Amino acid sequence: MGAALPEATGQNSEVYVLVRQASGGEFLLDTLDDAGTPIAEPLRLSPAAFSSFVSSVEPSSAAPRWVWEDTAHVYPALLAGGIRVQRCHDLRLCHVILKNSALTATTDLALAAPGRWDLASSTVNDLAEPRATLFDFDATSTDDGADESALREFRRQLEAVASAAEPGRLRLLLAAESAGALIAAEMRYAGLPWRTDVHDLLLTRELGTRVAPGVRPEQLEGLAQRIRFELDDAALNPDSPQDLFKALQRAGLAVTSTRGWELKKLQHPVIEPLLQYKKLSRLLSANGWAWMESWVVDGRFHPDYVPGGVVTGRWATRGGGALQLPRQIRGAVVADDGWKLVVADAAQLEPRILAALAQDPSMARAGRGTDLYAGIVSSGVVETRDHAKVAMLGAMYGATTGESGRLMPRLARAYPLAIALTESAARAGERGEVVTTRLGRSSPTPPPGWHETQARAYDPAATGTDERRARSQARDWGRFTRNFIVQGSAAEWALCWMAEIRRELTALTRADVPPAAAGEYAAPAAASGPPGARAPFDSAPHLVFFLHDEVIVHTPAVHADAVAHIITTAADTAGRLLFGDFPVDFMLTVATVDNYAEAK
DNA sequence: TTTATATGCGCC
DNA sequence: AAAAGGCGCATATAAA
């Protein structure tokens, strides 16, 4: 195992190691400079030798940036061997960004026909099990002659960034997106500590004792009986929207659906038990005992995050619903003995992002050192915090009616730059144009048929219906682009925040764990925590949960204060990375707790 | 019987 | 009064 990495050749240059998997399962490694030029002999390694190689260069400061097609494909196997990497470049995720970005619109990469790099990530199967090889990574060309090899793709990506309008921003975005992929794999591997006994207790208190699948628990059955009595329908199945709708009509209730928010407005003895039934029924079906059985393993919930799964750059999930974990059951998230959860939430993240995007000094000032909505109130813009909040949401989502629409003009007077930015993003969308986030992620083009509908409204023969349809469709897309720049830029801030947290957490305890000697691949030590604790996450603080603007770090109690400090500092760093010296605060609420329900 | 769509509600 | 921007998931129901 004598292959050492060459020294970096300059201050700003980076050493990349492109990792490809050959059809036989062997790994092909190319050491490249930041132009994609080989600077060492390629290596061909067995899977074990590959793990050994990675662990021999990590976590040294001389470790390269690993370049691979799909983090979710390669990284779980390394983690299963107790090996983490510091940095990577996820070709598939970066391809999507560069292909769509307005900043790289004229590059070869953006102009190329769709190929295999445009395929969505395939699903990952078992934890820590690498998937079957999907592509022959030895192949350098496809039938149409296009060279789609990983090396060629990587070079095209480097070239696209280098010739982009804002290469610095894109470099940061690609690094952050790739760090997100590492974090997602690590969080899934480590898992969120989950007490099934506490979960069961919460369920039993709400629903009654546990019953077999398909059987209505006691509390739900009682509510169903009350609903049947109040609607005078002994055979009613409250789980059937159709049946329920008819029964409500028969009882003289003028409803157009069975949605909760519509029922809430009505006065009738059935409403209270019905709303309660819906609430409990949701708990049972979404996060009941069946969910517990299939998603909690050895005291850990393993959320399956999908980085970049949403057009705006937000993450999605695939099974398990980690991004919709209801408040009702957060008490089951309990730190291990001797450990703590540090729960941090970015307060009013999106308005602060908007203030910074628009470089609006007044809005930035409203959020300085305080709750931003309170700051808007104390500036005399509106009377209450609720009004401030609903007005801001309206500005970012495009409300035109209701209370939110009424308050908007006052917001526009107080914060002209911020509101002008949201309006200009909306107008761009209405014209069918693309908008771009702070770091360079661009919105998709309107859906098929959109332009045709717009064109039809300008035809001399256009009817009123044509015009109304076109106007409504244009406004819909304008609301999307208006929100895109804020939500997408907030997602970028969150990625930078998490990447900083991860980096600093690693540094915090690195001294505790001596790096393996070069060429020696140490088997992971036996886990010291509960059965579900997995090395290397059984001894050091690590991220376990992410929810758009919120993170949870599971940490040995002795490190909790240091972790809280790292999280707070990382928020400032993320703000500077995106917005330089523009003076906007990114405030956090940070709580060190034993269980998630205690936070907030 | 299996597969696709609709509904309703959870999260930010 | 209505119910915004982004989603995922379970269940019921319709279609194949």
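We name chains A, B, ... by the order of the sequence lines, and we start the count at 1 in each one. Below, each value reflects all heavy atoms present in this structure, side chains not excepted, and no hydrogens, waters or symmetry copies. Predicted, not measured: the structure shown is a model, and the values here were computed from it.
- Listed by residue number, the members of residues 232-241 of chain A with any heavy atom below 4.0 angstrom from DNA chain C are D239(A), S240(A), P241(A).
- For dC9(B), the OP1/OP2 oxygens have a side-chain nitrogen or oxygen of K278(A) closer than 4.0 Å.
- In this pair, F546(A) and Y305(A) present their aromatic rings tilted. The plane angle is within the 30 to 60° band.
- Contact between the side-chain N/O atoms of R259(A) and the OP1/OP2 oxygens of dG8(B) is found at a separation under 4.0 Å.
- The aromatic ring of Y397(A) does not stack onto the base of dA4(C), failing the criterion of a centre distance under 5.5 Å from the six-membered base ring together with planes under 30° apart.
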### Task
Begin with the C-alpha distance, continue with both residues' side-chain angles, and end with the deciding distance and a verdict on side chain to side chain donor-acceptor pair (under 3.5 Å) for Y277(A) and D239(A).
CA-CA 9 Å; Y277(A) 183 92; D239(A) 292 322; 2.9 Å; yes
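- Among the protein residues, A399(A) comes within range of the nucleic acid bases, having at least one heavy atom under 4.0 Å from a base atom.
- Closest to the side chain of R282(A), from the set dA4(C), dG10(B), dG5(C), is dG10(B).
- Atoms CH2 (W493(A)) and C1' (dC12(B)) sit 14 Å apart, rounded to a whole Å.
- Across every non-hydrogen atom of R228(A) and E221(A), the tightest pair is NH1-OE2, 3.5 Å.
- Rounded to whole angstrom, the span from the CD1 atom of I552(A) across to the P atom of dC11(B) amounts to 14 Å.
- Projected onto DNA chain C by closest heavy-atom contact, W291(A) and Q242(A) fall at different nucleotides, the more 5' of which corresponds to W291(A).
- Remark: P of dG10(B) and NZ of K279(A) are 9 Å apart, rounded to the nearest angstrom.
- Under 4.0 Å is where a charged nitrogen must lie from a carboxylate oxygen, and between K246(A) and D233(A) no such pair does.
- Donor-acceptor pairing under 3.5 Å is recorded for the side chains of E403(A) and H387(A).
- The side chain of T312(A) lies closest to dG6(C), out of dG10(B), dC7(C), dG6(C).
- Side chain of V311(A), nearest nucleotide from dG5(C), dC7(C), dG8(B): dC7(C).
- When the P atom of dA12(C) is taken as reference, atom CZ of F245(A) falls 19 Å away, rounded to whole Å.
- Proximity of the aromatic rings of W289(A) and W295(A) is defined here by a centroid distance below 6.0 angstrom, and this criterion is not met.
- Mapping R406(A) and F480(A) onto DNA chain C by nearest heavy atom places R406(A) at the nucleotide closer to the 5' end.
- Contact check, T258(A) against dG8(B): a side-chain N or O comes under 4.0 Å of OP1 or OP2.
- Using a 4.0 Å cut-off between charged side-chain N and carboxylate O, R482(A) and E423(A) make a salt bridge.
- Note: OH (Y305(A)) to P (dC12(B)) measures 12 Å, nearest angstrom.
- Between K265(A) atom NZ and dA3(C) atom P the separation is 8 Å, expressed in whole Å.
- With salt bridges taken as basic N to acidic carboxylate O contacts below 4.0 Å, none links R330(A) and E598(A).
- Using a 4.0 Å heavy-atom cutoff across all strands shown, V486(A) reaches no nucleic acid atom at all.
- A salt bridge does not link D232(A) to R250(A): none of the charged side-chain nitrogens sits closer than 4.0 Å to a carboxylate oxygen.
- L280(A) has its CG atom 13 Å from the P atom of dC9(B), to the nearest Å.
- Between F480(A) and F484(A), the ring planes are perpendicular. Angles over 60° get that label, and only those under 30° would be called parallel.
- Listed nucleotides: dG8(B), dC12(B), dA4(C). Nearest to the side chain of S404(A): dA4(C).
- Straight-line distance from the CD atom of E262(A) to the P atom of dA3(C): 10 Å, rounded to whole Å.
- Using a 4.0 Å heavy-atom cutoff across all strands shown, G320(A) reaches sugar-phosphate atoms only and no base atom.
- Heavy-atom distances under 4.0 Å link DNA chain B to L323(A), Q324(A), L325(A), P326(A), R327(A), R330(A) of residues 322-332 of chain A, given in residue order.
- No contact: G398(A) has no heavy atom under 4.0 Å from any strand.
- For the pair R195(A) and D197(A), the salt-bridge criterion is met [side-chain N within less than 4.0 Å of a carboxylate O].
- For dC7(C), its base never sits under 3.5 Å from the side chain of R314(A) at any donor and acceptor pair.
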